[in-house]
Amino acid sequence: MTLAPAHDELVENLIEAMTWEQKLAQLQIAFRPRLEDAAELVRSGIGAVFWPRSAEATNELQRIAREETPHGIPLLVGLDVIHGQRTTFPVPLAQAASFQPETAETDARISAQEAASGGVNWTFSPMIDVSRDPRWGRVVEGFGEDAYVNAVFGAAKVRGYQGESLRDRDSILACAKHFVAYGQAEGGRDYNTVDVSAQRLRNVYLEPFRLAVDAGVATVMAAFNTVSGRPAHANHFLLTAILKEELGFNGVVVGDAEGVVNLLDHGIAEDLPDALRQSFAAGLDVEMGGNVLTADGGARLRPDDVPLARVDDAVRRVLSLKLALGLFDDPYREPDLEVTAPSRASRQVALTAAEKGLVLLKNESVLPLGPERKRVLLVGPYANSTDHLGAWVQSFAAPAGSLADAIRQECPEWSLAVKEGTGFFEGDASLIADAVADAAGYDAVVVAVGEPSALTGEASSRSDLRLPGAQEELIRAVAETGRPMAVVMFNGRPLVTSAWVNSVPAVLEAWHAGLEGPRAVARALSGSMNPGGRLPMTFPRSSSQVPIYYDHENTGRPATVSGTIDGGTLDVALMGPGNTDDHYTSKYKDLDLGPQFPFGHGLSYTSFEYGGLKVSAPEVSVADLRAGKSVGVEITVRNTGARAGDEVTMVFIRDLIASLAQPIRRLRGFTRTSLQPGEARSLYFELGWNDLGFWDNDGRYVVEDGDFEIHVGGGLDGTAVGELRVRP
Ligand code: GLC
C-alpha cells in the first residue's frame with residue numbers, strides 16, 4: 001500500500017480555504033497535560049490528539065472537530081499500541097525470538113481491532129530500531145540486533161495494523177520509528193549521541209525503514225538523537241533527501257514527544273520558533289507536543305519562516321491520511337462495540353505468541369519435567385509476580401497472572417510449593433536460606449528470576465546487565481542443593497548469566513511474554529509444548545562486552561580458538577593469552593572469546609538434522625542479478641527426535657572479498673518449520689540482487705563480483721556451507 005498525497009479536490013479545497021494558523025493547527029498532536037481541556041484544543045483546530053481513553057470520549061472530540069471548527073476537519077487519534085491494547089502480546093523482542101513474522105502480524109491485527117473499536121486511528125508502532133547494545137532499555141521494543149529481522153517483523157506489523165485498506169473499520173495508521181539509528185546511542189545510554197558511517201547507516205539502520213515504506217507505512221517518527229551531529233528532528237538529509245525523496249515516503253513524518261523542543265537542549269535552536277522552523281523546513285510534518293500554536297491560538301511560525309509550499313505539503317499529507325482513513329465520511333465508533341477486555345480467542349493467540357517466543361538456552365536432561373505427579377518447589381521473585389506484560393503497556397490492559405497460578409492450572413498433577421522471597425530484587429540475601437532449606441524434599445526446583453519491566457523500555461538504560469538484587473545468589477544456592485533444577489528468566493533485554501549459568505543444568509528464556517506468558521512457561525516446563533524460539537539478540541558474557549553482535553566485521557586480527565562452539569558457549573581456557581591462538585588479536589584478555597549465547601541460539605526437546613544442501617548454480621553474473629535472476633538454495637531438515645518440535649532454519653551469506661569489509665555472516669532468510677518425529681521437510685530460499693549486495697559510503701547499493709559462502713542451518717554454527725561465485 002503506497003500512500004500518495006491525494007491531490008484530491010476536497011484536500012486541495014481545504015488547503016485553499018485554510019488560514020496560516022489553521023494550517024499550522026493541523027500540524028501538531030497534543031498529549032497530557034494539554035489534554036486537560038481537550039475540547040478547547042479541538043475547537044482551536046488542532047489536527048490530532050492522544051486517545052482520550054474511550055470511544056465515547058473520542059466521539060465527542062470528533063463531533064467538536066466536525067461541527068464546531070471552521071472546516072470540520074476530523075481528528076487523528078494516536079496512542080502507543082506497541083504490543084497490545086487490551087490483550088497484551090509478548091514484548092516485540094520476544095516476538096522476534098519466534099522467528100515467525102506472523103506472530104507480529106497477528107499481534108498488530110488484533111491490537112488494531114481492539115484499539116480502533118475505541119476510536120484510536122493511529123499507533124506509534126512498530127519500533128524498528130536495530131540495536132546491538134542491551135544496556136539500552138529500548139531493545140525490548142524492537143526486533144533485536146539484525147537489520148533483516150527488524151525489517152521483516154516491522155513490515156509484518158505494518159500490514160497487521162493497516163490491514164487490506166485504511167478505510168476498513170479495524171485499520172489504524174502504523175508508524176515506523178524512530179528515524180533513525182536511535183539504537184546506536186553511544187554507551188547504550190538513551191537519547192545519547194549517534195555517530196555512524198554512511199555505509200552502516202544504510203546497511204543496518206535504514207534497511208528496516210526501507211521495507212516499512214515499501215510495505216506502505218503511513219507515518220514515520222523522528223528520533224530524539226543526533227545523527228552525525230545533526231538532530232534527526234531537524235535533519236533535512238534524513239527526513240527529506242533520504243526518507244521522502246530517495247525512499248519515496250509520502251505519508252506523515254511525526255516528531256517524537258517534545259522532540260522539537262529538545263532542539264534547544266541539543267544546542268541547535270535559539271528558541272521554540274527557531275526549533276519549529278528548522279524542523280518543518282527539514283521535513284517534519286507534525287510536531288508532537290502541541291507547541292506549534294500558542295495557548296491563545298497564535299502561530300509560533302510566521303509565513304516567511306517556512307516556505308508556504310512546505311507547510312501546504314505537510315497539511316496535504318495529514319489531510320490525505322484522514323481521507324484515506326475515511327474520517328471525513330465517518331470518524332465515529334459505536335461505544336457499545338468497544339472492546340474493553342481480551343476475548344477467549346485473543347487470549348489463545350497471545351498464548352501461542354508467548355510459546356513461540358520461548359528460547360531454551362540450556363538443557364542437560366532436566367526439562368521437560370513432565371505432567372505426571374511430582375513435588376516441585378518454585379522459588380524466586382517471579383514465582384508470584386504478575387509483572388509479565390512488559391514495557392509500553394497501558395494502564396487499562398488486562399493484567400497477567402503469576403507463574404505459580406499458571407503451574408497450578410497447567411500442571412494439576414504437580415504438588416507445588418512456592419517460596420518467592422520478594423526481597424531478591426532488592427538484594428535481600430537473607431531469604432535465600434529459607435528458600436532452599438527443604439529443597440531436598442522436592443523432585444525438582446524451578447527458579448523464576450528476571451528484571452522488573454520498570455527496568456526496561458524508554459529512559460531505562462542499565463550499566464549492569466546481571467540479574468538485579470540477590471537473584472544470582474539464589475540461583476547458586478539452589479544449584480548447591482544438587483536437586484534437579486531449571487532457571488526461568490523473565491526479562492526485556494539480553495542479560496549476563498556468566499556468574500551462574502555453568503552451575504545450572506537448564507535455562508529457559510521467557511522474556512516479558514505478555515498476558516499469557518505464565519501459561520506458556522508452565523506448558524513448556526511440563527512438556528505440553530516444546531520451545532522452539534531463537535535469540536534475536538546476542539547474550540554477552542559481561543556488561544562490558546557490548547556492543548556485541550553476530551554480523552560483525554572480521555577485523556584484521558580476529559581472535560580465534562581451536563575449541564569448538566558447543567551450544568553457544570566456547571569451551572576454551574579462560575583468562576590471559578590462553579584464550580586465543582595469538583597474542584596480537586582482537587579480544588579481552590580477561591574474558592572468554594565470543595558471547596555467552598549467540599544470536600540465533602535456541603535448543604529444543606527434540607533434535608534436528610540437515611542434509612542435501614543444493615545451490616541452484618555455482619555462479620551468477622552481476623548483470624543477471626541486476627536483471628532479477630536469483631540463485632536457489634535448497635536444504636532438507638529432519639526431526640530426528642522422539643517428539644514434535646519447531647526448527648528455525650537460517651540462511652546466512654559471507655561475501656569473502658569486497659571493497660568494504662563485510663560481516664562474517666549476514667542473515668538473508670529464515671523460516672520456522674513444525675515437524676513431527678521422523679518427519680523431513682525440504683526448504684527453499686532464493687538469493688538475488690537485494691541479498692548479495694551492500695550500500696557503500698557514497699550511498700550506492702552495489703553487488704560486487706567475487707566468491708560468497710552460503711551458510712544454512714539451525715543457527716550460526718553447525719551449518720551446511722555452499723559456495724557461489726558472482727561473476728562481473
Ligand atoms: C515517547 C517515545 C515514542 C512514543 C512517544 C509518544 O517519548 O520515544 O516512542 O511513541 O513518546 O508516547
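A salt bridge links Arg462 to Glu451: at least one charged side-chain nitrogen sits closer than 4.0 Å to a carboxylate oxygen. Of the charged side-chain nitrogens involved, at least one lies within less than 4.0 Å of a carboxylate oxygen, so that Glu516 and Arg347 count as a salt-bridged pair. A salt bridge between Arg159 and Glu105 is present, with a side-chain N of the basic residue lying under 4.0 Å from a carboxylate O of the acidic one. At a threshold of 4.0 Å, the pair Asp434-Lys419 counts as salt-bridged, since one of the basic side-chain nitrogens sits closer than that to a carboxylate oxygen. A salt bridge links Glu410 to Arg519: one of the charged nitrogens lies within less than 4.0 Å of a carboxylate oxygen. One finds no salt bridge joining Arg135 and Asp464 here, because no Lys/Arg side-chain nitrogen approaches an Asp/Glu carboxylate oxygen to under 4.0 Å. A salt bridge links Glu338 with Arg86: the closest approach of a Lys/Arg side-chain nitrogen to an acidic carboxylate oxygen falls below 4.0 angstrom. At a threshold of 4.0 Å, the pair Glu609-Arg638 does not count as salt-bridged, since none of the basic side-chain nitrogens sits closer than that to a carboxylate oxygen. A salt bridge does not link Asp443 to Arg375: none of the charged nitrogens lies less than 4.0 Å from a carboxylate oxygen.
Side-chain contact annotation: Asn150 with Glu145, donor-acceptor N/O pair under 3.5 Å absent. Residues Thr87 and Glu114 bring a donor and an acceptor atom of their side chains to less than 3.5 Å of each other. Between Asp146 and Tyr550, the side chains place a donor N or O and an acceptor N or O closer than 3.5 Å (distance only, hydrogens not considered). Of the N and O atoms on the side chains of Ser542 and Ser544, at least one donor lies less than 3.5 Å from an acceptor on the other residue. With no hydrogens or angles considered, a side-chain donor-acceptor pair links Tyr610 and Thr649 at under 3.5 Å. No side-chain donor from either of Thr123 and Ser125 sits under 3.5 Å from a side-chain acceptor of the other. No hydrogens or angles considered: nothing links the side chains of Ser453 and Thr456 as a donor-acceptor pair under 3.5 Å.
Atom CD of Glu355 and atom OG1 of Thr103 lie 11.0 Å apart (nearest 0.5 Å). To the nearest 0.5 Å, atom CD of residue Glu647 and atom CG of residue Leu683 are 9.0 Å apart. Asn639 contributes atom CG, which lies 10.0 Å from atom CG of Asp646 (distance to the nearest 0.5 angstrom). In this structure, CG on Asp170 lies 8.5 Å from OG on Ser117, to the nearest 0.5 angstrom. Atom CD1 in Ile548 sits 6.0 Å away from atom OG1 in Thr538 (nearest 0.5 Å). Note that CD1 of Ile475 is 8.0 Å distant from CE of Met489, once rounded to the nearest 0.5 Å.
Taking the ring axis of Phe652 as reference, the NZ or CZ atom of Arg665 does not stay both within 45° of it and closer than 6.0 Å to the ring centre.
Side chain of Asn530 to main chain of Ala644: a donor-acceptor pair is present (N/O by atom type, distance under 3.5 Å, no hydrogens or angles). The backbone N or O of Trp500 sits nowhere less than 3.5 Å from a side-chain atom of Arg476 that would complete a donor-acceptor pair. Side chain of Ser131 to backbone of Gly183: a donor-acceptor contact under 3.5 angstrom is found. A distance-only check finds a donor-acceptor pair linking the side chain of Arg672 to the backbone of Ser98 [under 3.5 Å]. In this structure a side-chain-to-backbone donor-acceptor pair under 3.5 Å is missing from Gln409 to Ala406. Between the side chain of Ser526 and the backbone N or O of Cys411 there is no donor-acceptor pair closer than 3.5 Å. Between the Ser503 side chain and the Ala479 main chain, no donor and acceptor come within less than 3.5 Å of each other. Here the side chain of Gln95 pairs a donor or acceptor atom with the backbone of Pro90 at under 3.5 angstrom. Under a 3.5 Å cut-off, the side chain of Ser498 and the backbone N or O of Arg541 do form a donor-acceptor pair. Not a single donor-acceptor pair under 3.5 Å links the side chain of Lys356 to the backbone N or O of Gly532.
When side chains are defined from C-beta on, Arg483 does not count as touching Leu377, because their heavy atoms never get closer than 4.5 Å. Pro468 has its side chain within reach of Pro452: a pair of non-hydrogen atoms, C-beta onward, lies under 4.5 Å apart. Side-chain contact between Leu465 and Val546: present, with at least one pair of heavy atoms (C-beta onward) separated by less than 4.5 Å. Using a 4.5 Å heavy-atom cutoff, the side chains of Arg493 and Trp136 are not in contact.
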Steps toward side chain to side chain contact (heavy atoms under 4.5 Å, CB included) verdict (Val445, Val379): CA-CA 7 Å; Val445 184; Val379 299; 4.2 Å; yes
Salt bridge (Lys or Arg N to Asp or Glu O under 4.0 Å) evaluation trace for Asp107 with Lys157: CA-CA 8 Å; Asp107 154 16; Lys157 292 212 89 170; 2.8 Å; yes
Test log, rule side-chain hydrogen bond (donor to acceptor under 3.5 Å, both in side chains), inputs Thr386 and Ser402: CA-CA 5 Å; Thr386 57; Ser402 69; over 6 Å; no
Stepwise salt bridge (Lys or Arg N to Asp or Glu O under 4.0 Å) check, Glu413 with Lys374: CA-CA 7 Å; Glu413 294 304 310; Lys374 60 177 60 63; over 6 Å; no
Full working for side-chain hydrogen bond (donor to acceptor under 3.5 Å, both in side chains) between Ser682 and Glu634: CA-CA 7 Å; Ser682 177; Glu634 190 171 353; 2.9 Å; yes
Candidate pair His711 and Val651, rule side chain to side chain contact (heavy atoms under 4.5 Å, CB included), full reasoning: CA-CA 6 Å; His711 292 252; Val651 180; over 6 Å; no
Chi angles and distances behind the side chain to side chain contact (heavy atoms under 4.5 Å, CB included) call for Leu367, Tyr605: CA-CA 8 Å; Leu367 293 177; Tyr605 294 155; 3.6 Å; yes
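In this structure, the ring of Phe490 has its center no less than 6.0 angstrom from the ring center of His512. Taking the six-membered ring wherever Trp is involved, the centroid distance between the rings of His388 and Tyr382 falls below 6.0 Å.
In this pair, His601 and Phe597 present their aromatic rings parallel. The plane angle is below 30°, not in the 30 to 60° band.
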